[in-house]
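Notes follow once the structure below has been shown.
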Protein chains: 2
Amino acid sequence: MKICTTYACHKFFATLANPTRLAIVEILMDSPKNVAQIAQVLQQEQSMVSHNLKPLMECAFVFSEKKGRKRVYSVNKELIEPLFHLIAFHESKYCPNGKTCLTRRGIKLERMREAQKTLYVNHE
Amino acid sequence: MKICTTYACHKFFATLANPTRLAIVEILMDSPKNVAQIAQVLQQEQSMVSHNLKPLMECAFVFSEKKGRKRVYSVNKELIEPLFHLIAFHESKYCPNGKTCLTRRGIKLERMREAQKTLYVNHE
DNA sequence: ATTTCATATGAATAAGATTTCATGTGAGGC
DNA sequence: GCCTCACATGAAATCTTATTCATATGAAAT
């Protein structure tokens with residue numbers, strides 16, 4: 001059964017393997033927002049938000065709708081909710097304090113740029 | 001609720017956002033194997049397999065056990081099975097023929113090295 | 001029709017990840 | 001105890017991805 005060795009599957013994970021895009025997903029979990037609103041919450045440039053919304057759209061992680069001049073983005077809860085519940089369960093089992101899985105790659109976390117650091121929540 | 005803006009979550013996706021690692025996961029879905037066996041099925045170097053097994057281990061996507069001289073790797077089915085069912089459902093809904101979500105990034109697929117291309121299954 | 005607001009796109013650069021090849025490690029067998 | 005098999009690790013080179021800044025598009029308001 002070939003389910004994971006497809007480009008679509010790779011793209012699925014690659015799209016979510018980015019702090020900016022994860023943050024956008026999280027922000028939209030709260031409520032639908034337009035690009036400027038997302039940028040404001042994230043404290044990031046508008047163009048960066050647009051760039052990152054694109055792959056999220058292509059993978060149907062988010063949807064969008066025009067409302068007057070603005071384009072309102074919303075999250076695909078049908079996918080995102082069960083997905084993140086699965087991850088939450090996995091994490092609770094295998095990295096209970098959020099430290100275990102950071103150990104080996106702690107250095108990379110250090111090297112992360114300031115802008116990205118603020119996107120992450122500190123587990124401790 | 002901060003579930004996805006954690007480094008652990010980023011690492012979760014980043015680890016699976018790689019064709020070699022996805023292929024390893026798929027190969028191990030079939031049956032547990034040692035490093036040399038994985039390398040043989042994948043037609044890749046042993047060191048590459050080892051390098052890629054490491055993050056898979058750290059994220060508990062795979063487990064390992066020593067058997068004599070060899071180290072046998074197996075997949076964490078409790079996670080991988082529901083995860084890929086979720087993705088399969090999502091894909092069936094939003095990229096039914098495997099083409100939709102390739103359209104915009106088709107060029108990148110072209111640019112992929114030969115070694116990686118063979119890891120992907122052609123949807124069409 | 002023109003201006004302006006909201007978002008999208010392009011291209012260059014910067015940053016990060018993957019692969020490769022060489023070498024290290026360590027447990028098993030002899 | 002030594003050798004060797006099986007695997008892991010390190011570091012450089014290469015390839016990929018993300019971000020930035022400038023500019024384009026396009027629809028709504030005037």
Side-chain angles (χ1 to χ4, degrees), chain A residues 7 10-11 13-24 32-40 42-59 62 64-73 104-120, chain B residues 7 10-24 32-40 42-59 62 64-73 104-119:
Chain A
Y7 187 69
H10 174 267
K11 185 172 165 179
F13 291 118
T15 297
L16 291 176
N18 175 287
T20 305
R21 292 193 286 271
L22 285 174
I24 290 174
K33 288 176 188 63
N34 63 45
V35 179
Q37 288 176 315
I38 297 167
Q40 203 223 327
L42 276 185
Q43 294 280 73
Q44 300 278 344
E45 301 239 335
Q46 170 269 316
S47 72
M48 179 167 162
V49 174
S50 278
H51 275 300
N52 282 290
L53 279 166
K54 193 173 157 184
L56 287 171
M57 278 292 291
E58 287 167 18
C59 287
V62 305
S64 82
E65 195 192 352
K66 277 215 98 175
K67 281 245 176 97
R69 284 187 164 186
K70 308 180 179 178
R71 181 168 285 277
V72 176
Y73 286 87
R104 311 288 288 270
R105 292 197 166 181
I107 297 136
K108 294 195 180 170
L109 186 60
E110 285 305 311
R111 266 187 272 154
M112 235 184 329
R113 261 155 298 153
E114 288 309 312
Q116 291 206 342
K117 269 190 203 170
T118 62
L119 296 174
Y120 288 119
Chain B
Y7 187 68
H10 173 267
K11 186 173 166 180
F12 182 102
F13 291 117
T15 297
L16 292 175
N18 175 287
T20 305
R21 292 193 287 271
L22 285 174
I24 290 174
K33 289 176 188 63
N34 64 43
V35 179
Q37 288 176 315
I38 296 167
Q40 202 223 324
L42 275 186
Q43 294 279 72
Q44 300 278 346
E45 301 238 335
Q46 170 269 315
S47 72
M48 180 167 161
V49 173
S50 277
H51 274 301
N52 282 291
L53 278 167
K54 193 172 157 183
L56 287 171
M57 277 292 291
E58 286 166 20
C59 286
V62 304
S64 83
E65 196 191 352
K66 278 216 100 177
K67 280 245 176 93
R69 283 188 164 186
K70 308 180 178 180
R71 180 167 286 277
V72 176
Y73 285 87
R104 310 290 288 271
R105 291 198 168 183
I107 297 137
K108 293 194 182 171
L109 186 60
E110 285 306 310
R111 264 187 274 153
M112 235 183 331
R113 261 153 297 151
E114 291 308 312
Q116 290 206 342
K117 269 191 203 168
T118 63
L119 296 175

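What you see is a predicted model, and the numbers here were worked out from it, not measured in a lab. Numbered from 1 within each chain, the chains take letters A, B, ... in sequence-line order.
Remark: A/V72 pairs with A/P32, A/K67 by the side-chain contact (heavy atoms from CB on, under 4.5 Å) rule, at least two apart or across chains. In this structure B/R69 satisfies the side chain to side chain donor-acceptor pair (under 3.5 Å) test with no other residue, sequence neighbours excluded. Applying the side chain to side chain donor-acceptor pair (under 3.5 Å) criterion to A/E45, with sequence neighbours excluded, gives no partner residue. Every residue two or more places apart in sequence or in another chain that forms a side chain to side chain donor-acceptor pair (under 3.5 Å) with A/Q46 is listed here: A/S50.
Remark: C1' of C/dA11 and NZ of A/K54 are 13 Å apart, rounded to the nearest angstrom. Atom CG in B/L42 sits roughly 14 Å away from atom P in D/dC7 (whole-Å rounding). For A/Q46 and D/dA22, the CD to C1' distance is 12 Å, given to the nearest whole Å. Residue A/H10 contributes atom NE2, which lies 9 Å from atom C1' of D/dT16 at whole-angstrom precision. Rounded to whole angstrom, the span from the NZ atom of A/K70 across to the P atom of C/dC5 amounts to 12 Å.
For B/H51 against C/dT18, a side-chain-to-base donor-acceptor contact under 3.5 Å is absent.
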Please write out the pairs of protein N or O atoms and N or O atoms of nucleotides 26-30 of chain C separated by less than 3.5 Å, giving the distance to one decimal.
unit_1	atom_1	unit_2	atom_2	d
C/dG28	O4'	B/R69	NE	3.4
C/dG28	N3	B/R69	NH2	3.4

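Here D/dA18 is the nucleotide among D/dA18, D/dC7, C/dC21 with the atom lying nearest to any side-chain atom of A/R21. For B/M48, taking side-chain heavy atoms from C-beta onward, the closest of the listed nucleotides C/dT7, C/dT9, C/dT20 is C/dT20. Minimum atom distance to the side chain of A/N34 is reached by C/dT7, of the listed D/dT19, D/dA8, C/dT7. Nearest to the side chain of B/A36, among D/dC7, D/dT17, C/dT9, sits D/dC7. Candidate nucleotides D/dC7, C/dT7, C/dT18 were compared by shortest atom distance to the side chain of B/R71, and D/dC7 ranks first.
The side chain of A/Y73 places no N or O atom within less than 4.0 Å of a non-bridging phosphate oxygen (OP1 or OP2) of C/dA6. For B/N52 and C/dA17, the shortest distance from a side-chain N or O to OP1 or OP2 is not below 4.0 Å. Applying the 4.0 Å criterion to OP1 and OP2 of C/dT7, one finds that A/S47 has every side-chain N and O outside that range.
Between its opening and closing five pairs, the helix from C/dA1-D/dT30 to C/dC30-D/dG1 changes axis direction by 20°, a value rounded to 10 degrees.
For A/N34 against A/A36, the heavy-atom pair with the smallest separation is OD1-N, 3.1 Å.
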